[in-house]
There are 4 protein chains.
Amino acid sequence: MTTGLRGGRPRDSSIDRAVLDSTSELLDELGYPELAIEHVARRAGVSKTAIYRRWPGRQQLVLAELQRRMGRVVPPQTGCTRCDLVESLELFARVLTCMGAETVSALLADCTDDPELRRTFMTTVFEPPRAAVRVTLEQARDRGDLRDGVDLTLAVDTLASLVHYRLLFRHAPVTEPEIDAAVGALLGGIARDGVVEAVSAAVHAHSGAG
Amino acid sequence: MTTGLRGGRPRDSSIDRAVLDSTSELLDELGYPELAIEHVARRAGVSKTAIYRRWPGRQQLVLAELQRRMGRVVPPQTGCTRCDLVESLELFARVLTCMGAETVSALLADCTDDPELRRTFMTTVFEPPRAAVRVTLEQARDRGDLRDGVDLTLAVDTLASLVHYRLLFRHAPVTEPEIDAAVGALLGGIARDGVVEAVSAAVHAHSGAG
Amino acid sequence: MTTGLRGGRPRDSSIDRAVLDSTSELLDELGYPELAIEHVARRAGVSKTAIYRRWPGRQQLVLAELQRRMGRVVPPQTGCTRCDLVESLELFARVLTCMGAETVSALLADCTDDPELRRTFMTTVFEPPRAAVRVTLEQARDRGDLRDGVDLTLAVDTLASLVHYRLLFRHAPVTEPEIDAAVGALLGGIARDGVVEAVSAAVHAHSGAG
Amino acid sequence: MTTGLRGGRPRDSSIDRAVLDSTSELLDELGYPELAIEHVARRAGVSKTAIYRRWPGRQQLVLAELQRRMGRVVPPQTGCTRCDLVESLELFARVLTCMGAETVSALLADCTDDPELRRTFMTTVFEPPRAAVRVTLEQARDRGDLRDGVDLTLAVDTLASLVHYRLLFRHAPVTEPEIDAAVGALLGGIARDGVVEAVSAAVHAHSGAG
DNA sequence: CGATAAGCGAGACGGTACGTCAAGTCTTATA
DNA sequence: TATAAGACTTGACGTACCGTCTCGCTTATCG
């Protein structure tokens with residue numbers, strides 16, 4: 001809040017580090033639900049007050065640690081649409097894995113009540129890798145690799161959500177071949193030639209009749 | 001556990017109902033994180049003991065309520081691949097929405113520690129709608145609507161995860177046109193003709209070089 | 001509050017004892033200002049909750065201990081006015097000393113904010129010995145030992161306050177000769193014969209002039 | 001301690017005043033127990049450091065303020081024993097009331113731990129009005145108004161303690177007629193003629209027998 | 001029909017963490 | 001050196017649920 005423009009003892013930045021380090025360790029050892037501010041304080045050799053002065057609560061503290069873990073996400077630029085997409089998604093998976101899939105989902109669940117917090121979470125944790133995928137798809141589009149009228153947001157969600165789903169819900173790893181297959185499926189479709197157009201007509205008839 | 005083979009006063013089944021009803025109300029009013037067994041007991045006019053005798057903890061209690069909310073999920077059977085898929089996914093979305101998206105994700109997060117519990121959660125909450133999608137895709141495959149070598153599990157995950165992502169993470173609604181577009185994209189692909197094959201070759205060259 | 005007429009697990013009366021014992025010890029070792037509920041709980045081998053369930057706060061807890069220390073105060077009845085008075089005051093002094101003069105005054109000071117609490121304090125701690133003095137004086141009056149028109153309340157206050165003052169304020173002991181002298185002074189006056197009447201007239205003239 | 005003999009920035013004496021003023025206000029608004037140094041500092045527009053440099057703690061700070069409130073106590077000299085005594089005691093009551101009876105007793109209680117502090121308190125707060133009473137009594141004695149062998153200290157305590165008791169303990173006002181009656185009682189005694197001597201003999205017999 | 005066994009409401013119990021608060025000390029930059 | 005601002009440690013506060021327990025009572029079935 002107060003940047004302490006002038007006057008007052010400056011914050012001891014070694015405390016920031018010590019607290020985040022302890023948070024990180026406890027996150028790995030106990031997981032988010034068992035992570036207590038009191039533990040963090042004890043382990044960091046720091047008072048609770050010093051923590052609460054920096055972060056208003058557990059969520060923000062862990063969020064800060066996740067942010068630190070994420071570092072800088074740079075979208076790949078090989079010039080090859082499929083390669084870039086695969087690369088983006090692998091990056092995505094790496095980021096989530098590094099943050100700790102369970103931590104991410106537990107934290108998210110713990111942020112649902114406060115809209116402000118939710119937004120921060122999304123911006124901090126989900127947006128960066130998501131943006132990488134989007135940029136990659138936009139480049140593909142500009143390069144003329146995509147059909148006209150393709151809904152980019154939907155495409156991003158489709159790919160991103162797969163990684164999320166596997167890692168956060170099923171706690172299953174996402175392997176490179178799977179990512180490749182998923183990208184291939186989305187790019188090329190999975191229906192035999194001619195089927196989509198046929199069923200498309202049927203849908204319209206169906207919904208028109210309903 | 002004990003079916004009360006012999007002896008003892010039989011359980012009052014009206015208590016089961018009262019407790020689940022109160023759980024349901026409090027879930028809607030306060031959300032899962034704020035739901036306390038003590039509140040449930042008070043509201044249901046029942047003792048904590050009676051609750052703990054039936055469910056070992058909060059998670060199992062809420063799980064039971066979600067199970068009750070889900071009811072019976074029946075996969076659609078119109079004979080049209082795309083219609084059935086869309087229908088399955090809408091069903092999926094309805095189920096999650098009815099259960100309460102926030103509740104579902106919070107509960108899931110709260111189940112991560114106990115593997116047994118996790119499995120129960122997956123079987124109870126995620127599997128049924130997922131199975132509906134899988135059945136639909138299997139029927140499509142058997143009907144010859146899908147290309148050879150399509151990874152059904154991946155396809156199910158791709159579609160299912162989209163709904164999850166939108167509802168559980170972004171707390172955004174999933175509209176029918178979007179579902180339709182997503183199904184269309186997966187079935188037909190989004191790449192311009194010829195692109196997939198071309199980049200596919202490039203991928204192999206790329207990964208061969210790496 | 002709830003006497004637990006029916007239902008519920010009965011309170012463990014050994015806890016009451018353990019808590020008051022620990023309170024007593026800590027009162028002696030550290031004094032009232034340093035007495036912390038958490039210490040009491042720890043030393044008594046009891047949870048904080050168990051304490052707060054019985055007494056709403058530190059003040060009430062200590063008050064309960066003082067009450068226990070006081071026991072039963074019985075006014076003396078030798079039939080001799082002066083002896084009874086001296087005896088009453090010595091009893092008074094013993095009671096306050098046994099409770100711990102510093103504890104009494106610190107507790108009183110800590111009760112000033114809450115009127116309810118203050119009243120309880122007065123009734124519990126100050127009234128009983130005070131009542132003994134009053135009873136003794138009433139018996140003296142009924143016996144015809146006192147002049148007509150003597151203000152008994154004032155007389156009680158005069159004697160009681162001396163003990164309070166010495167013990168609670170000056171932390172000086174009150175010896176038997178002093179008590180005797182004070183009782184003698186109050187009973188017989190300290191002015192030389194004729195002086196009181198003379199100055200009494202002067203007072204009236206003085207206040208009439210002012 | 002350091003009178004700032006030489007060197008450095010001189011102390012800003014307006015700070016002393018501002019701090020004591022704020023202390024005074026907060027004492028009236030919240031009472032001693034709720035008076036926090038941080039509040040005082042904030043209200044005075046002064047840093048905590050500046051306060052702690054002048055007074056080692058809360059007790060000393062408040063003590064300083066009480067001292068300021070007391071001002072100069074001058075014993076009355078009308079030449080009439082009873083008038084002077086009444087006047088002294090009223091002065092006594094006024095002083096305590098002005099300081100704030102609750103503040104005085106709370107502060108006293110908060111000084112019990114530190115003997116040094118206690119002594120300062122006694123000297124500062126209790127001695128001056130007490131001295132006035134003593135001087136008055138000494139003048140009465142020298143004037144020949146008192147019987148031989150009267151214990152002056154005991155007489156002072158008897159009168160002073162009554163005021164203390166009423167104001168600090170019972171939080172009851174001390175009215176002028178009451179003071180007059182108390183002075184009258186002490187000077188003239190309350191026993192019917194002949195009673196004191198009779199019971200006095202009884203006491204000696206009693207204590208001799210016991 | 002009485003013994004046995006469980007269900008049940010009430011609420012005590014030991015835990016554990018919460019987030020807040022004030023005390024008193026220390027650090028920095030500025031006057 | 002004094003000052004303002006404010007970081008810092010310490011330690012207790014009173015609250016809230018957790019999941020377990022004990023008690024006295026009720027309600028069934030079994031022998």
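Note on naming: letters A, B, ... go to the chains in the order of the sequence lines (proteins, then strands), and numbering restarts at 1 for each one. It should be emphasised that the depicted structure is a prediction, and the values quoted were computed from it without experimental measurement.
When rounded to the nearest whole Å, the span between CD1 of C:Ile15 and P of E:dG15 equals 11 Å. In this structure, C:Leu30 atom CG and F:dG11 atom C1' are separated by 14 Å, rounded to whole Å. Put simply, CG on D:Asp12 is 8 Å from P on F:dA4, counting in whole angstrom units. Distance, B:Arg11 CZ to F:dT29 C1': 17 Å, rounded to whole Å. A:Gln60 places its CD atom 13 Å from the P atom of E:dC18, with the value rounded to the nearest Å. Taking atom CH2 of residue D:Trp55 and atom P of nucleotide E:dG24, one finds them 15 Å apart after rounding to whole Å. Distance CD1 (A:Ile51) to P (E:dA17): 14 Å, rounded to an integer number of Å.
Closest to the C:Ser47 side chain, of the nucleotides E:dT28, E:dG15, F:dT27, is E:dG15. When distances run from any side-chain atom of C:Arg9 to the nucleotides F:dA2, E:dG14, E:dG11, the shortest one goes to E:dG11. Taking the side chain of B:Arg54 as heavy atoms from C-beta on, and the options F:dG6, F:dT3, E:dC8, the nearest nucleotide is E:dC8.
Projected onto DNA chain E by closest heavy-atom contact, C:Gly45 and B:Ser13 fall at different nucleotides, the more 5' of which corresponds to B:Ser13.
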| Per-nucleotide protein contact string for nucleotides 14-19 of chain F, where B marks a base within reach and S marks sugar-phosphate only (heavy atoms under 4.0 Å, - for neither) | BB-BBB
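Using a 3.5 Å distance cut-off with no hydrogens or angles, the side chains of C:Gln67 and C:Thr124 do not pair a donor with an acceptor.
Taking the six-membered ring wherever Trp is involved, the centroid distance between the rings of C:Phe121 and D:Phe169 does not fall below 6.0 Å.
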